[in-house]
Amino acid sequence: MSLDPAISARLKRNADGLVPAIAQQRGTGEVLMMAWMDDEALHRTLTTRRATYYSRSRQQYWVKGETSGHTQHVHEVRLDCDGDTILLVVDQQGAACHTGDRTCFDADALLT
């Protein structure tokens, strides 16, 4: 199986064929992290409800929490009006950031 062609046609990818994906905590709206998806990662996420991303540095797919245990159960997947950003509404278990912080946006406030 592959991504529904109607969904695939709506995606606006970068030169590497990737679309940014934002993970947001269900219920609170807290922005947790940003990662990249291609058609296959999005298809896997839609079919398993486990957030699956594409690692640019390792050039492979990764399921959030597969090694850390800090999982994301996906409740909703939305595409923005331009088709160039994916929003995942998730239940985050444990830290979302690879640094161990709750979110990737905890450490460096530029303006408050």
Side-chain angles (χ1 to χ4, degrees):
M1 296 287 305
S2 60
L3 186 62
D4 180 327
I7 296 171
S8 181
R10 294 178 59 197
L11 296 176
K12 291 187 183 147
R13 300 161 191 81
N14 68 11
D16 297 320
L18 302 173
V19 179
I22 304 295
Q24 181 181 46
Q25 177 62 49
R26 183 173 70 122
T28 68
E30 178 182 32
V31 177
L32 299 169
M33 59 175 277
M34 179 273 186
W36 296 95
M37 290 183 149
D38 64 4
D39 285 31
E40 180 63 24
L42 180 55
H43 171 71
R44 291 181 188 189
T45 298
L46 292 171
T47 57
T48 66
R49 291 189 174 260
R50 296 172 62 207
T52 304
Y53 302 105
Y54 185 78
S55 170
R56 296 175 302 162
S57 60
R58 293 177 296 190
Q59 298 198 356
Q60 66 184 30
Y61 297 100
W62 57 281
V63 176
K64 182 66 176 166
E66 195 168 57
T67 56
S68 68
H70 300 164
T71 60
Q72 291 176 347
H73 176 76
V74 179
H75 288 274
E76 294 179 42
V77 178
R78 296 176 177 265
L79 189 58
D80 81 335
C81 59
D82 296 321
D84 62 4
T85 307
I86 299 165
L87 176 66
L88 305 178
V89 179
V90 303
D91 278 333
Q92 176 70 46
Q93 297 298 316
C97 188
H98 70 281
T99 64
D101 286 339
R102 167 80 183 149
T103 86
C104 293
F105 300 96
D106 277 351
D108 201 10
L110 302 179
L111 178 67
T112 58

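Keep in mind the model is a prediction, meaning the values are calculated, not measured.
A pairwise comparison of heavy atoms in Gln72 and Ala51 identifies OE1-CB, 3.1 Å as the closest pair. Minimum interatomic distance between Ala95 and Gly100 (heavy atoms only, all atoms of both residues): CB-O, 3.4 Å. Scanning both residues, Cys104 and Met33, for their nearest heavy atoms gives SG-CB, 3.6 Å. Summarising the geometry of Asp16 relative to Asn14, their closest heavy-atom pair is N-OD1, 2.8 Å, with the distance given to 0.1 Å.
Proximity of a side-chain donor or acceptor of Arg13 to a complementary backbone N or O of Val19 within less than 3.5 Å is not detected. Distance alone, capped at 3.5 Å, is enough to place a donor-acceptor pair between the Thr45 side chain and the Thr52 backbone.
Qualifying salt bridge (charged side-chain N to carboxylate O under 4.0 Å, His left out) partners for Asp38, counting only residues two or more places apart in sequence or in other chains: none. The salt bridge (charged side-chain N to carboxylate O under 4.0 Å, His left out) search around Arg50 returns none, not counting sequence neighbours.
Here the CD1 atom belonging to Ile86 is positioned 10.5 Å from the CZ atom belonging to Arg10, to the nearest 0.5 angstrom. The distance from atom NE2 of His73 to atom CZ of Arg26, rounded to the nearest 0.5 Å, is 7.5 Å.
Other members of the hydrophobic cluster containing Val89, listed by chain and number, are Leu18, Ile22, Val31, Met34, Trp36, Tyr54, Tyr61, Leu87, Phe105; membership follows side-chain contacts under 4.5 Å among ILVMFWY residues, whether direct or relayed.
A heavy-atom distance below 4.5 Å is not found between the side chains of Lys64 and Val90. Taking the side chain as every heavy atom from C-beta outward, Gln92 and Glu30 never approach each other to under 4.5 Å. Side-chain contact check for Leu32 versus Leu88: every heavy-atom pair is 4.5 Å or farther apart. Put simply, the side chain of Thr48 does not reach to within 4.5 Å of the side chain of Val63, judged on heavy atoms.
Inspection of the Gln25 and Arg102 side chains reveals an N or O donor paired with an N or O acceptor under 3.5 Å.
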**OP:** For side-chain contact (heavy atoms from CB on, under 4.5 Å), just list the numbers for Leu46 and Ile7, CA-CA rounded to whole Å, side-chain angles, deciding distance to a tenth of an Å, and then say yes or no.
**Re:** CA-CA 11 Å; Leu46 292 171; Ile7 296 171; 4.2 Å; yes
